[in-house]
**Student:** 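One structure follows; several queries about it will come next.
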Amino acid sequence: MNETMIFPTLEAVKDARKSIENVVNYTPLQYNARLSDKFGANIFLKREDLQPVRSYKLRGAYNKIKSLYNEGKTSDGIVCASAGNHAQGVAFSCKQLQIKGTIFMPVTTPKQKLEQVEMFGGNFAEIKLVGDTFDASKNAALEFAQTSGAAFIHPFDDVQIIEGQATLALEILEQQKENIDFVFIPIGGGGLASGISTVFKELSKETLLIGVEPKGAPSMKTSIDNNLNTELQEVDGFVDGAAVKRVGDLTFEICRNALADCIPVDEGKICDTILQLYNKDAIVLEPAGALSISALEEYRNQIKGKNVVCIVSGSNNDITRMEEIKERALLYNGLKHYFMVKFPQRPGSLKDFVLNVLGENDDITHFEYTKKNSRETALAIVGIELSSISDFNGLRQRMQNLGYFESYLNDNPDVLNMMV
């Protein structure tokens, strides 16, 4: 343990709660009957997607900025770097406290997120688009802080940020009167997990805390396994609210000792969870917001008959992403398949393929074909959606028997990424 670090305390969390109580919603802890029946457990969802900025990030951002404001340290404004929810929490806080905020965001940030930050911050938040990645934006924000005197608001590796996030743990323990056996916590940089750990290690020691990361960005699990805070060389940015190359030094020290487990979840599983929650529970979540629920399958046996809390961390999802979310879910569930198909260059070959290769409930959803030469056969990329995973072997066998099969593309990640 690094002795120079200042660690969050339960008393400071209680003070943070008083500081933010007029701005942050006391969000519901909802019993979910569908998930409870599915897993044979009592599943409760902590609905942080119902915050004014639609994520828990407001808790930490406001606590930190309000503290600086009270100490007279915001005269030169504040600055942060974020690709999403942290930016919205900072912007909202700036407007509430009437502090000038400068928010650095990657040039690649979706328009919807830029508009949200503008809406929450009003005239008190100025957006600066710098670089293609969060790291580039963060470096620009740190340089701005040095030259302007503005206070830098870190998204997770800050004791007051952590204490602000921890306030939701106090609410959980007030709302759930019976013992809580498990809490599943989404992890990006580790601020939320560190905050929840701070409270539960004092007030509910028997509760097992399970960290959940996207499979494409397991920075906390990698660091814990290495017993050293480790920066990943690259991450899959799909779960943008949790795709962090390196967790915080402070959050690593807390989580390595407090978490009972840290598990990665496939991005396709997360997409399937988003669709299930939307279609069956009328809950709209962003990928990071669905992380904790997506991990329940991994713990199916352990949680049976137990009281389980899942932190639903946010719902800032751009509707234009839904097609990709659906595609990833279908691929994960084995219901979407891409093939390189050989078509004889004669009239009626496509009709023959449809009638004799496709099953009754199979559907062509992608077809890319160009006749560029006079060879006997030409290749096409064909995407096929199945109604049941059990139909796949028959489809492939018919394709091979009739001479249409060239190659299966789902096993080729480079090609598949171009399709999705």
Side-chain angles (χ1 to χ4, degrees), residues 26-50 56 165-187 192-215 218 220-221 224 242 254-266 268-283 285 287-314 329 332-333 389:
Y26 189 99
T27 56
L29 183 69
Q30 293 181 341
Y31 175 79
N32 187 285
R34 179 181 67 84
L35 291 170
S36 296
D37 290 344
K38 178 179 179 180
F39 293 103
N42 298 312
I43 308 294
F44 298 87
L45 307 183
K46 181 58 173 170
R47 296 290 305 278
E48 286 297 292
D49 57 305
L50 300 178
Y56 73 93
Q165 320 300 27
T167 59
L168 73 83
L170 293 177
E171 294 177 13
I172 290 171
L173 290 170
E174 290 171 354
Q175 293 166 312
Q176 175 58 23
K177 302 304 182 183
E178 297 180 18
N179 289 340
I180 300 172
D181 299 298
F182 291 88
V183 179
F184 287 82
I185 312 164
I187 292 182
L192 177 61
S194 297
I196 292 175
S197 300
T198 299
V199 173
F200 272 77
K201 75 177 181 181
E202 295 289 340
L203 302 180
S204 185
K205 291 183 175 67
E206 71 281 1
T207 301
L208 296 178
L209 305 178
I210 312 298
V212 188
E213 295 180 294
K215 184 178 180 181
M220 183 66 79
K221 177 173 175 52
I224 292 174
I254 296 171
C255 289
R256 73 195 293 194
N257 296 309
L259 297 180
D261 196 4
C262 188
I263 58 176
V265 177
D266 192 282
K269 174 62 176 176
I270 296 166
C271 291
D272 185 54
T273 301
I274 291 172
L275 295 177
Q276 294 288 329
L277 287 163
Y278 178 78
N279 291 326
K280 298 181 179 180
D281 301 297
I283 298 175
L285 297 182
L291 261 175
S292 61
I293 300 170
S294 301
L296 293 176
E297 192 68 51
E298 289 285 321
Y299 264 71
R300 174 180 285 275
N301 294 332
Q302 295 95 315
I303 65 175
K304 195 172 294 294
K306 305 295 185 180
N307 293 323
V308 179
V309 173
C310 293
I311 310 298
V312 177
S313 60
Y332 175 79
N333 288 316
I389 191 172

**Student:** Taking the side chain as C-beta and beyond, is there a heavy-atom pair between S194 and C255 under 4.5 Å?
**Tutor:**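 Heavy-atom side-chain distance check passes, below 4.5 Å.
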**Student:** Measuring from S294:OG to Q276:CD, what's the distance to the nearest 0.5 Å?
**Tutor:**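 The distance works out to 10.5 Å.
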**Student:** If we count only N and O atoms by modelled type, under 3.5 Å, do the side chains of Q175 and K46 hold a donor and an acceptor together?
**Tutor:**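 Result is yes, a qualifying pair exists.
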**Student:** Distance alone, cut at 3.5 Å: any donor-acceptor contact between the side chains of E48 and T27?
**Tutor:** yes
**Student:** Please answer whether the main-chain N or O of I180 pairs with a side-chain N or O of T207 as donor and acceptor at a distance below 3.5 Å.
**Tutor:**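 Yes, T207 side chain to I180 backbone: donor-acceptor pair under 3.5 Å.
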**Student:** With no hydrogens and no angle check, is any side-chain donor or acceptor of D266 less than 3.5 Å from a backbone partner on G268?
**Tutor:**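 Checking the backbone N and O of G268 against the side chain of D266, a donor-acceptor pair under 3.5 Å is found.
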**Student:** If you look at every heavy atom in L35 and N32, which pair is closest and at what distance?
**Tutor:**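 For L35 and N32, the tightest heavy-atom pair comes out as N-OD1, 2.8 Å.
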**Student:** Distance from I303 atom CD1 to F39 atom CZ, nearest 0.5 Å?
**Tutor:** 5.5 Å
**Student:** I want to check something: taking the side chain as every heavy atom from C-beta on, are N42 and Y31 in contact at a cut-off of under 4.5 Å?
**Tutor:**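 Touching, per the 4.5 Å side-chain cut-off.
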**Student:** Applying side chain to side chain contact (heavy atoms under 4.5 Å, CB included) to L45 and V309, what does each step give before you reach the verdict?
**Tutor:** CA-CA 6 Å; L45 307 183; V309 173; over 6 Å; no
**Student:** Rounded to the nearest 0.5 Å, what's the gap from NZ on K269 to CG on L296? Could you check?
**Tutor:**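 Nearest 0.5 Å value for the NZ-CG distance: 8.5 Å.
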**Student:** State, to 0.1 Å, how close S313 and A288 come at their nearest heavy-atom pair, and which atoms those are.
**Tutor:** OG-O, 3.3 Å
**Student:** Please answer whether the main-chain N or O of A41 pairs with a side-chain N or O of S36 as donor and acceptor at a distance below 3.5 Å.
**Tutor:**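 Answer holds: yes.
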**Student:** Would you give the length of the straight line joining atom CD1 of I283 to atom OH of Y278, rounded to the nearest 0.5 angstrom?
**Tutor:**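 Those atoms lie 12.5 Å apart.
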**Student:** Return yes if some donor-acceptor pair links the side-chain N/O of E213 with the main-chain N/O of M220 below 3.5 Å, else return no.
**Tutor:**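 The answer is yes, because a donor-acceptor pair under 3.5 Å joins these two groups.
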**Student:** Do I172 and I311 have side chains that get closer than 4.5 Å, going by heavy atoms?
**Tutor:**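 The answer is yes; the side chains approach within 4.5 Å.
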**Student:** Pair K205, F200 - check side chain to side chain contact (heavy atoms under 4.5 Å, CB included), show working.
**Tutor:** CA-CA 6 Å; K205 291 183 175 67; F200 272 77; over 6 Å; no
**Student:** Consider only side-chain N and O atoms of D49 and Y56, and report whether a donor and an acceptor are under 3.5 Å apart.
**Tutor:** no
**Student:** Would you please test Y299 and I210 for side chain to side chain contact (heavy atoms under 4.5 Å, CB included) and show each step?
**Tutor:** CA-CA 10 Å; Y299 264 71; I210 312 298; 3.6 Å; yes
**Student:** Quick one: does any side-chain atom of N307 pair with a main-chain N or O of D181 as donor and acceptor, under 3.5 Å?
**Tutor:** no
**Student:** For E174, does the CD atom have more than 12 heavy-atom neighbours from other residues, nucleotides or ligands under 6.0 Å away?
**Tutor:** yes
**Student:** Is the backbone N or O of I185 less than 3.5 Å from a side-chain atom of S292, with the two atoms forming a donor-acceptor pair by type?
**Tutor:**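 The answer is no, because no donor-acceptor pair under 3.5 Å joins these two groups.
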**Student:** Just checking E298: does its CD atom have more than 12 heavy atoms from other residues, nucleotides or ligands closer to it than 6.0 angstrom?
**Tutor:** no
**Student:** Under 3.5 Å, is there a donor-acceptor pair linking the side chains of N333 and D272?
**Tutor:**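 Result is yes, a qualifying pair exists.
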**Student:** For the NZ atom of K38 and the NZ atom of K280, what is their distance to the nearest 0.5 Å?
**Tutor:** 7.0 Å
**Student:** Out of curiosity, R47 CZ to C310 SG, how far, rounded to the nearest 0.5 Å?
**Tutor:** 12.5 Å
**Student:** Taking it one step at a time, do I187 and C262 satisfy side chain to side chain contact (heavy atoms under 4.5 Å, CB included)?
**Tutor:** CA-CA 9 Å; I187 292 182; C262 188; 4.2 Å; yes
